[in-house]
Structures are given as structure tokens and as C-alpha cells.
Amino acid sequence: MADYDYDVLVIGAGPGGYVAAIRAAQLGLRTACAESRETLGGTCLNVGCIPSKALLHASHLYEEAHSGALARWGVKVEGASLDLDAMHASRKEAVTGLTGGVAFLFKKNKVDWLKGLATFTGKDSVEVAGKTYRAKNIVIATGSSVTPLPGVEIDHQSIIDSTSALELPKVPDHLVVIGGGVIGLELGSVWRRLGAKVTVVEYLDQILPGMDGEIRKEAAKIFRKQGIEIVTSTKVTGATKTDKGVTLTVEPAAGGEASTIEADVVLVSIGRRPNTEGLGLDKAGIELNKRSQIETDHSFATKVDGIWAIGDVIPGPMLAHKAEDEGIAVAENIAGLTGIVNHDVIPSVVYTLPEIAGVGLTEEQAREKGEIKVGKFPMAGNSRAKTIHDTTGFVKVIADAKTDRVLGAWIITSVAGTMIAQVAQAMEFGATSEDIAYTCHAHPTHSEAIKEAAMAVLGKPIHV
Ligand code: FAD
Ligand code: NAI
């Protein structure tokens, strides 16, 4: 039975959904995208990647100017002061520019934006703002939201989530971050740089779960040196609001005596969970797994014919670039092409200073799978890093002991996020550490440290 309003209707205009919609339209499919926010771009552009990076950049500039760090370069700054309103204005400008850019791309590619909350009314129909639309293919790209912590209710004033942490009207005296993951460390860094005392309370025995063990240790050492207090193996069991802020009750993760921490502001950043509630998934016949995610096959098809899912709402790392690549792949699959995402090679980056980046297996994961060789190179041996007094961190390359094929790489240095792309590309091409070691790298660049780490896999690097 034909008579569809659209070939493709995407629910959610985050990096997964808006990219899927644009790609589908580029491939000649009649496409619409439903989005309930006032602006397009999802979590990433509105309250995630973009505003957080804007504040990370601005707070870094402030710290450099304010702390006197520039004096060693012969740059004397006197009387540097913080204009938080102007900083927020520049953050908003970045967001508005990019979300407006997506609206422009929708118009250019003839993607209809259906404004409002979409709910399934059947396997091939959804209702948005009181109107029902039928589509041959429906892509669920509804993303994720903050995981709440029972007993620590978010009020967006003294107990906040990542969205309110981007908008604090004044620098708190003491910010306590619950969760030593990516959000806690990025946003904790922002407010520390702007003058807050920051304490991170982490349930596990180390911060940054999922990353390489050595990197996690090094990162904790560096953040502590920067002044962030990190309390591990500790769980928060409750919060009481006081005149001054919040009293948190904490106890050892393994159980034991409770104690309290006084905070002006508490940031809850213990992870995110998929947005599947209120979507009417039962009407479409879609079931969720134990983690409330929608399962798909490699083509991003769900078990229900014509319904697809991508991004944070399906299993895998909750990252914008993963969602985007899945968006392109799903549109290509719907159009009858072959869209593939290699989930083994998805880089992840923490945008603190130094940045922390990784791709592929951690050393621990690789050792479990078989025999490996590991090459490490300290940034202290890299000429560019030395020239700009930026010698913190190292590069680690992990390769298969027999085939020399690169299995993973981990980098901690100021520009790690940019550097990791070359290893991801090398891994996509099935490169060996020898391939990287014998590739000519421009001098003087931080990237030479990757070449030297690959040389260390083979035997010896030159500059240590
Ligand atoms: P989302 O971006 O969450 O978009 C889903 C959209 O669907 C939302 O706009 C929502 O309003 C809409 N929606 C939901 N339900 C409905 C419905 N029923 N009808 C209509 N619309 C609906 N990732 C990175 O890779 N790099 C980073 O630097 C980074 N920084 C981050 C910083 C923060 C503070 C946060 C919170 C996240 C960050 N992330 C980062 C993660 C990244 O934002 C997500 O992985 C990414 O946005 C997921 O994309 P998505 O398209 O799956 O979903
Ligand atoms: P996360 O999963 O990165 O970290 C959550 C941390 O909280 C973990 O270390 C976990 O052990 C800890 N935790 C869980 N329950 C706890 C409890 N009760 N008490 C104390 N600690 C507890 O989640 P986060 O930081 O909230 O970020 C959510 C997602 O957003 C991430 O998965 C990430 O993919 C994405 N993101 C990505 C960014 C990037 O790519 N640069 C930046 C920010 C977010």
C-alpha cells in the first residue's frame, strides 16, 4: 500500500538524525525530520559538544591570562578579569551559528522539519503536533538524556546536570562533581579554571572508565596537579540542601562509615540513558534491551521492517561522530546502497588540557585477546612539545605481536584529539606499526610522537 507522505521520516535532529535526513535527501528520497526542540542539532549542538568546547576554550584563555602563565613567553598581562556574561554570550553565539547552519542545510537539501514531539501511531506512521504522517522508513534518532541519581534530585540551581553546568550565572566556590567521566572532567575543568574549587567523587577506583589503564592513571595525576580533588571508590548516598548549598553524604563504594562533603553546587554526571520513553514504541512493535536501548543489526535495521535506529539510542559509545557516521550509513542502506560503520575504530576524546584520546583496544583488552607489542613515547622527547613547554603526556601504540597490525592507540597531550585521527585512519587501512613508523611525519609536530611510539613497537625510537 503506497501513499506515503515521506520515503524517510527521521525522529530527532541530533548529529545522528540530522545527518541521516540530509544524506537521505541527497540520495533523492523524500525526507522529513521531527524535532521537539526549538532549534536543530540535538544534544551535541545545543547543550553538549559545542557549548562545552566553547567554554573549555574561553576558560583556558582566561586561566592563561589570569594566572600569569603567559609571562614565560614574554607576554605580561595585568589586571585580567573574568566577564562571565561575555563568556556565556560567546558560547551562545557558537551554538546559534551551528544550529542555524543545520536549519540552512535542511532548506538547501529540501528536508522538511516537522516541529514537535513525534510519537508512533503504527509501524509506518507517527504523529507530530497533532498531525499524522506515514513514511516508508522511520529512523529513530532520539538520543539520550542525563541519568538521574536517586536521592540527589536535580533542581538546576544547586544540584545541576551538564546543561545547567554550561549556564551557571556565577562561579561556585566549591563545585562537587559526581562521576569522574567525560562530562565531570570537562565541565569540572571549566569551572576550576574560572576559580572554583572542584572535587570529583567517583564510584570506581579510577576515573575515566573504558580508557586505557595507564592513561587513566596519568590523567588522574595531571588533574590532581591542576588542583582538582579526586575522591575514588566512593558513592554518594544522599543530598540535603542547606542555606549555603548542598551537604552530600558519601560512603566507601565497598560499604563503611558515611561522611559528608559541603558544596555550593553539585554536578550530577554519572552517565546518560537512551530517550525511548513516550515514543509509543509499543505501537510500532519495537522492544528494548535491558539497558533501554533499541537493538539493530549492522545495517541499523530494527526487528520491525522499515524501522531503523541510530546514535545514542542504540548500543555503543554515546558519541556525536559515531551517531553521524551511523546517520550516513542508515540513509545509504535505506536507499539500497551499502552503508557501513566500523565500530572497532571509533576514536574518543576528552577535551581537557591535556586532551586525552584513544582508538581501538586498550592495552588491557588487547592482552586478553592475544600476544601484543606496546610502544610508548613521552611528549618530553617531542621537539615541538618541548619548544612550546608542553611536555606533559605520552603516546602509546599497541600492535599484534605476530602481524604487527595496530590494535589501538592512546594519547595524552594538548592536541591528542587532533592527533588520534591519523591512527584511526591507519587502523581503517589495516596498517602495521611499521607502516606508521616509516611514514614521513612533518617536523616539528606533535604527531611525530606517534611515529616514534610506532618505532618503539618495532624496537627503539630515536629521541629518548
Ligand atoms: P541527540 O544529539 O541527543 O539528539 C536527539 C534529538 O532528538 C534531541 O534534539 C531531542 O530533542 C530529539 N527528540 C527526542 N525524542 C524526540 C521525539 N519523540 N520527537 C522529536 N524529537 C525528539 N560527543 C562527542 O562526540 N564529542 C563531544 O565533545 C561531546 N561532548 C558532549 C558534552 C556534553 C555536555 C554532553 C551532554 C554530550 C556530549 N557528547 C559529545 C555526546 C553527544 O552529544 C551525543 O553522543 C550525540 O549528541 C548523540 O547524537 P544523537 O543524534 O544520537 O542524539
Ligand atoms: P560517563 O559514563 O563518561 O562517566 C560517568 C562516571 O560516573 C563513571 O566514571 C562512573 O563510574 C561514575 N558513576 C556512576 N555512578 C556513580 C555514582 N553513583 N557515584 C559516583 N560515580 C558514579 O558519563 P558522563 O560523564 O555523564 O557522560 C555521558 C556521556 O556523554 C559519555 O558516555 C560520553 O560518551 C558523552 N560525552 C562525550 C564527550 C566527549 O566525547 N568529549 C564529552 C561529554 C560527554
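In each ligand, atom 1 is the first atom listed, and ligand 1 is the first ligand listed.
- Between P209 and ligand 2, not a single N/O pair is under 3.5 Å apart.
- Contact atoms of ligand 1 toward L279: 18 (N) (distance under 4.0 Å to a heavy atom of the residue).
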Exercise for the section: Apply side-chain contact (heavy atoms from CB on, under 4.5 Å) to Y18 and F106, showing your working. Expected result: CA-CA 8 Å; Y18 87 72; F106 269 17; 3.8 Å; yes

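- Residue contacts with ligand 1: G116 is included, with a non-hydrogen atom under 4.0 Å away.
- In terms of polar-atom proximity, I310 is not counted as a contact of ligand 1, lacking any N or O under 3.5 Å from an N or O of the ligand.
- Cation-pi geometry between K283 and F120 is not met at under 6.0 angstrom from the ring centre and within 45 degrees of the axis.
- The A118 neighbourhood of ligand 1 comprises atoms 17 (C), 18 (N), 19 (N), 20 (C), with distances under 4.0 Å to a heavy atom of that residue.
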Exercise for the section: Output, in order, the C-alpha distance, side-chain angles, deciding distance and verdict of salt bridge (Lys or Arg N to Asp or Glu O under 4.0 Å) for E63 and R192. Expected result: CA-CA 9 Å; E63 189 178 33; R192 182 202 58 75; 2.9 Å; yes

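- Separating the CD atom in E332 from the CD1 atom in I334 is a distance of 10.5 Å, to the nearest 0.5 Å.
- V47 counts as a contact of ligand 1, since one of its heavy atoms falls under 4.0 Å from the ligand.
- The nearest heavy-atom contact from the protein to atom 7 (O) of ligand 1 is G12 CA, 3.2 Å.
- Comparing heavy-atom distances from atom 15 (N) of ligand 2 across I178, T352, I270 singles out I270 as nearest.
- Salt bridge K197/D173: absent, no basic N to carboxylate O contact under 4.0 Å.
- Salt bridge annotation for R30-D7: present, with a cationic side-chain nitrogen under 4.0 angstrom from a carboxylate oxygen.
- Interface atoms of ligand 2 facing L149, defined by a heavy-atom separation under 4.0 Å, are 18 (N).
- Polar contact with ligand 1: absent for L166 (N/O pair, distance under 3.5 Å).
- For ligand 1, the atoms closer than 4.0 angstrom to any heavy atom of S52 are 32 (C).
- For D312, a nitrogen or oxygen atom sits less than 3.5 Å from a nitrogen or oxygen atom of ligand 1, counting backbone and side chain alike.
- Annotation for H321: atom NE2 counts as buried by contact number, over 12 foreign heavy atoms lying within 6.0 Å.
- Salt bridge status for E229 with R224: absent, with no side-chain N to carboxylate O gap under 4.0 Å.
- Taking every heavy atom of L204 and a limit of under 4.0 angstrom, the matching atoms of ligand 2 come to 11 (O).
- Interface of S144 with ligand 1, defined as ligand atoms under 4.0 Å from a residue heavy atom, comprises 3 (O).
- Salt-bridge annotation for E214 and K396: present, with a side-chain N of the basic residue lying under 4.0 Å from a carboxylate O of the acidic one.
- Which parts of ligand 1 touch K53 is read off a 4.0 Å heavy-atom cut-off, strictly below it: atoms 27 (C), 28 (O), 29 (C), 30 (N).
- Residue contact check: R272 has heavy atoms under 4.0 Å from atoms 28 (C), 29 (C), 30 (O) of ligand 2.
- Looking from atom 35 (C) of ligand 2 to the surrounding protein, the closest heavy atom is M318 O, 3.4 Å.
- Ring geometry, F300 versus H343: the interplanar angle exceeds 60°, so the pair is classed perpendicular (tilted spans 30 to 60°).
- At least one heavy atom of G271 sits under 4.0 Å from some atom of ligand 2.
- For the pair K221 and E218, the salt-bridge criterion is met [side-chain N within less than 4.0 Å of a carboxylate O].
- The number of heavy-atom neighbours closer than 6.0 Å to CD of E93, taken from other residues, nucleotides and ligands shown, is 12 or below.
- Atom 31 (C) of ligand 2 lies below 4.0 Å from none of the non-hydrogen atoms of the protein.
- At the top of the distance list for atom 3 (O) of ligand 1, counting protein heavy atoms only, stands T43 OG1, 2.6 Å.
- With ligand atoms numbered from 1 in the order given, ligand 2 contributes 20 (C), 21 (N) to contacts under 4.0 Å with heavy atoms of V201.
- At a 3.5 angstrom cut-off on N or O pairs, Y203 counts as close to ligand 2.
- Heavy-atom contacts of G311 reach the following atoms of ligand 1: 52 (O) (cutoff under 4.0 Å).
- Within the structure, ligand 1 lacks E324 among the residues with a heavy atom less than 4.0 angstrom away.
- Looking at V349 against ligand 2, only its backbone comes within 4.0 Å, counting heavy atoms.
- When only interatomic distances are considered, the shortest N/O to N/O separation between Y351 and ligand 2 does not fall below 3.5 Å.
- Among the atoms of V182, some N or O lies under 3.5 angstrom from an N or O of ligand 2.
- In terms of polar-atom proximity, E186 is not counted as a contact of ligand 1, lacking any N or O under 3.5 Å from an N or O of the ligand.
- Among all non-hydrogen protein atoms, the one lying nearest atom 12 (C) of ligand 2 is E202 OE1, 3.3 Å.
- Within 6.0 Å of the CD atom in E295, the count of heavy atoms belonging to other residues, nucleotides or ligands exceeds 12.
- Here L319 has side-chain heavy atoms under 4.0 Å from ligand 2, and that is the only part of it that gets that close.
- Using a 4.0 Å cut-off between a side-chain N of Lys or Arg and a carboxylate O of Asp or Glu, E363 and R367 qualify as a salt bridge.
- Between the choices V177, L267, I183, the shortest heavy-atom distance to atom 44 (C) of ligand 2 belongs to I183.
- Considering backbone and side-chain atoms alike, G16 places an N or O below 3.5 Å from some N or O of ligand 1.
- Closest to atom 4 (O) of ligand 2 by heavy atom, among G181, G188, G184, is G181.
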